[in-house]
Colleague: 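Please see the structure below; I have some questions.
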There are 2 protein chains.
Amino acid sequence: MREGPDIARIASLVGDPARANMLNALMGGTALTASELALEAGVSLPTASSHLSKLMEGGLLTLASQGRHRYYGLAGPQVAGMIEAITGVAEAVGPKRVRPGPRDGAMRVARVCYDHLAGEQAVAMLDRLVEKDILLRDDREIRLGPSAASHFAAIGIDVDAKPRRPVCRACLDWSVRRSHLAGTLGAAILDKILQEKWARREKDSRAVIFSPPGKQAFDRVFLS
Amino acid sequence: MREGPDIARIASLVGDPARANMLNALMGGTALTASELALEAGVSLPTASSHLSKLMEGGLLTLASQGRHRYYGLAGPQVAGMIEAITGVAEAVGPKRVRPGPRDGAMRVARVCYDHLAGEQAVAMLDRLVEKDILLRDDREIRLGPSAASHFAAIGIDVDAKPRRPVCRACLDWSVRRSHLAGTLGAAILDKILQEKWARREKDSRAVIFSPPGKQAFDRVFLS
DNA sequence: CGCATAGTTCGTTCCTCATCGAAGCATTCT
DNA sequence: AGAATGCTTCGATGAGGAACGAACTATGCG
């Protein structure tokens, strides 16, 4: 019991699934707001806020207030290094089992991942888009194919608008262990799905439930 | 929520104080038995056993059975590296407060550390023994001084017996942050204290309670 | 000014998990 | 063989803490 620094305190902060997901999301290097982190972690905003204040008190995060936004970021490279070390061990000891979160089930099929669609359907969609050369994939990088503009314009999505965010991004899907489509295009597609009422979001959850006709429409447009 | 390896699972294993203490103790590199680890962690043997099986299942420990002894050790350098990383963050964010274990209080004054005495009294004792040149200290290494044999023989402790364990060892005291005396000599001194009934062990605890006359005797022999 | 968005705080509920005593195996000693 | 040691399993207890809804504060927008 030669106890120096309180390692258990720090480890237990990372030891909660919600907090671990938040830290994981912040490993990208960009600071995120409480709402975004709540979405990432799959918890409600009050819960996320509570976790964030714990992480702050533990010294793992920094906070930058900008107007009504509060951007949380990792406290520094040392914290990032620690998380990498833990991640290394975690994948070394092997993927034991996918720990089911509070709300699982339909989530594996389709769910929201921040602002885009994730889950089996999203993975299948990206596969098909790449197969049809509408999107060009090079490992982690995804670019628009020559027919992309016309293809998406046909369903009312403009891929030429240039926001600060990249149009396409690969996002690793935890349930299928393969990538799905993120970026503004991913976000636009999710918008489309919800606007057309092909699916609805489960209340207070990230799950996305397709109606039978909605599923057919989705398959026709993206999986044909 | 791009969840790859289950980092929360690993971190929560380290996140329990008892388990953290065990892992800390194993950072020395030598494998220890369940009993020793129970003592290190300040928990009962059943509790320790439960923790150890969790750490085993989590892949953080290895087990070597030798007869009726079961030696637990860290699973590898990667695990050790992770613990170091966590420790680094823990001391970077500052020693917030010494989290009091289940049983604190008298523990800071005097307690058992495996098989020898720890706490303020033990630290004072080592200081005095070095001051009197009975023991010679060189940083972490402690050797017997020229007068050691006769000094300890006078109180019935034979320092010439040569077991496999070193006679003297420095052991870092978590409550005072300085070293106290371990090794067979440390163990013999604790035996002496208990045999002479200068002190008694608190039931189901590591605390060691000196009686007033016992304290006087101890001071006379070791602190004069 | 209202109204909407972003976040926190409060209070409650609930579940996990750490803890220990007692009893059960297993191994070694005599 | 019996006794002793080392460790694990079982069962019961209890506390900590994760989760959420509702209410509250703060910033920005029209």
Side-chain angles (χ1 to χ4, degrees), chain A residues 1 6 8-9 11-23 31-58 61 63-73 99-104 114-115 202-206, chain B residues 1 8-23 31-58 61 63-73 99-104 114-115 202-206:
Chain A
M1 180 144 25
D6 201 342
R9 183 177 136 84
S12 69
L13 281 175
V14 188
D16 177 83
R19 285 193 293 263
N21 283 330
M22 291 174 169
L23 291 169
L32 300 172
T33 66
S35 317
E36 291 167 336
L37 289 167
L39 225 42
E40 286 283 345
V43 295
S44 73
L45 228 156
T47 303
S49 184
S50 158
H51 284 308
L52 288 169
S53 61
K54 275 166 192 159
L55 287 170
M56 284 294 297
E57 199 191 358
L61 298 186
L63 174 58
S65 288
Q66 279 183 23
R68 63 177 161 184
H69 294 273
R70 315 191 72 188
Y71 289 94
Y72 290 93
R99 168 199 39 66
R103 289 143 174 162
D104 208 78
Y114 184 18
D115 60 358
E202 182 79 349
K203 185 170 171 350
D204 278 330
S205 158
R206 294 174 56 201
Chain B
M1 181 150 16
R9 183 177 136 82
I10 300 300
S12 69
L13 281 175
V14 189
D16 177 85
R19 285 194 292 262
N21 283 330
M22 290 175 171
L23 291 169
L32 299 173
T33 66
S35 318
E36 290 167 336
L37 288 166
L39 227 42
E40 286 283 345
V43 295
S44 74
L45 228 155
T47 302
S49 184
S50 158
H51 284 308
L52 288 169
S53 60
K54 274 166 190 158
L55 288 170
M56 284 293 297
E57 199 190 359
L61 298 185
L63 174 58
S65 288
Q66 278 182 24
R68 62 178 160 185
H69 293 273
R70 314 191 73 187
Y71 289 94
Y72 291 93
R99 168 201 40 69
R103 289 137 174 169
D104 209 80
Y114 183 20
D115 60 358
E202 183 79 350
K203 186 170 171 350
D204 279 327
S205 158
R206 296 175 55 198

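Convention: sequence-line order gives letters A, B, ...; per-chain numbering from 1.
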Colleague: Rounded off to whole Å, could you give me the CD-to-P distance for the A:E36 and C:dT5 pair?
Modeller: 16 Å
Colleague: Rounded to whole angstrom units, what separation is found between the OH atom of B:Y72 and the P atom of D:dG6?
Modeller: 15 Å
Colleague: What is the distance, rounded to the nearest whole Å, between atom CG of A:L52 and atom P of C:dT8?
Modeller: 7 Å
Colleague: When the distance from CG of B:L55 to C1' of C:dC17 is rounded to whole Å, what number comes out?
Modeller: 14 Å
Colleague: So, is A:R70 close to the D:dT27 phosphate, meaning a side-chain N or O under 4.0 Å from OP1 or OP2?
Modeller: no
Colleague: If I take atom CG from residue A:L13 and atom CD from residue A:E57, how far apart are they, to the nearest 0.5 angstrom?
Modeller: 8.5 Å
Colleague: How does DNA chain C look in dot-bracket notation if pairs are Watson-Crick or G-U with both distances under 3.5 Å, crossing ones as [ ], other-strand ones as |?
Modeller: ||||||||||||||||||||||||||||||
Colleague: A:L37 CG to D:dA18 C1': how many Å, rounded?
Modeller: 17 Å
Colleague: Measure across A:V14 and A:A20 and return the closest heavy-atom pair with its distance rounded to 0.1 Å.
Modeller: O-CB, 3.5 Å
Colleague: Does C:dA6 have its OP1 or OP2 closer than 4.0 Å to a side-chain nitrogen or oxygen of A:Y71?
Modeller: no
Colleague: Using a 4.0 Å heavy-atom cut-off, does B:A48 contact any base of the nucleic acid, only the sugar-phosphate backbone, or nothing at all?
Modeller: nothing
Colleague: How far does CE of A:M22 sit from NZ of A:K54, to the nearest 0.5 angstrom?
Modeller: 10.5 Å
Colleague: Donor-acceptor pair, distance only, cut-off 3.5 Å: does the side chain of A:R19 make one with the backbone of A:H51?
Modeller: no
Colleague: Return the minimal non-hydrogen interatomic distance between B:A18 and B:A41, and the atom names on each side.
Modeller: O-CB, 3.5 Å
Colleague: Under the side chain to side chain contact (heavy atoms under 4.5 Å, CB included) rule, what do B:L61 and B:L23 come out as? Steps first, then yes or no, please.
Modeller: CA-CA 9 Å; B:L61 298 185; B:L23 291 169; 4.0 Å; yes
Colleague: Is any side-chain heavy atom of B:V43 closer than 4.5 Å to one of B:N21?
Modeller: no
Colleague: Can you give one letter per nucleotide of nucleotides 9-17 of chain D, 5' to 3': B if a protein heavy atom sits under 4.0 Å from the base, S if only from the sugar-phosphate, - if neither?
Modeller: B--------
Colleague: Looking at OG1 of B:T33 and OH of B:Y71, how far apart are the two atoms once the value is rounded to the nearest 0.5 Å?
Modeller: 6.5 Å
Colleague: Rounded to whole Å, how long is the line connecting atom CG of A:L39 with atom P of C:dG7?
Modeller: 12 Å
Colleague: Between OG of B:S53 and CG of B:L63, what distance do you get to the nearest 0.5 Å?
Modeller: 11.0 Å
Colleague: Using whole Å, what does the distance between atom P of nucleotide D:dC7 and atom CG of B:L63 come to?
Modeller: 10 Å
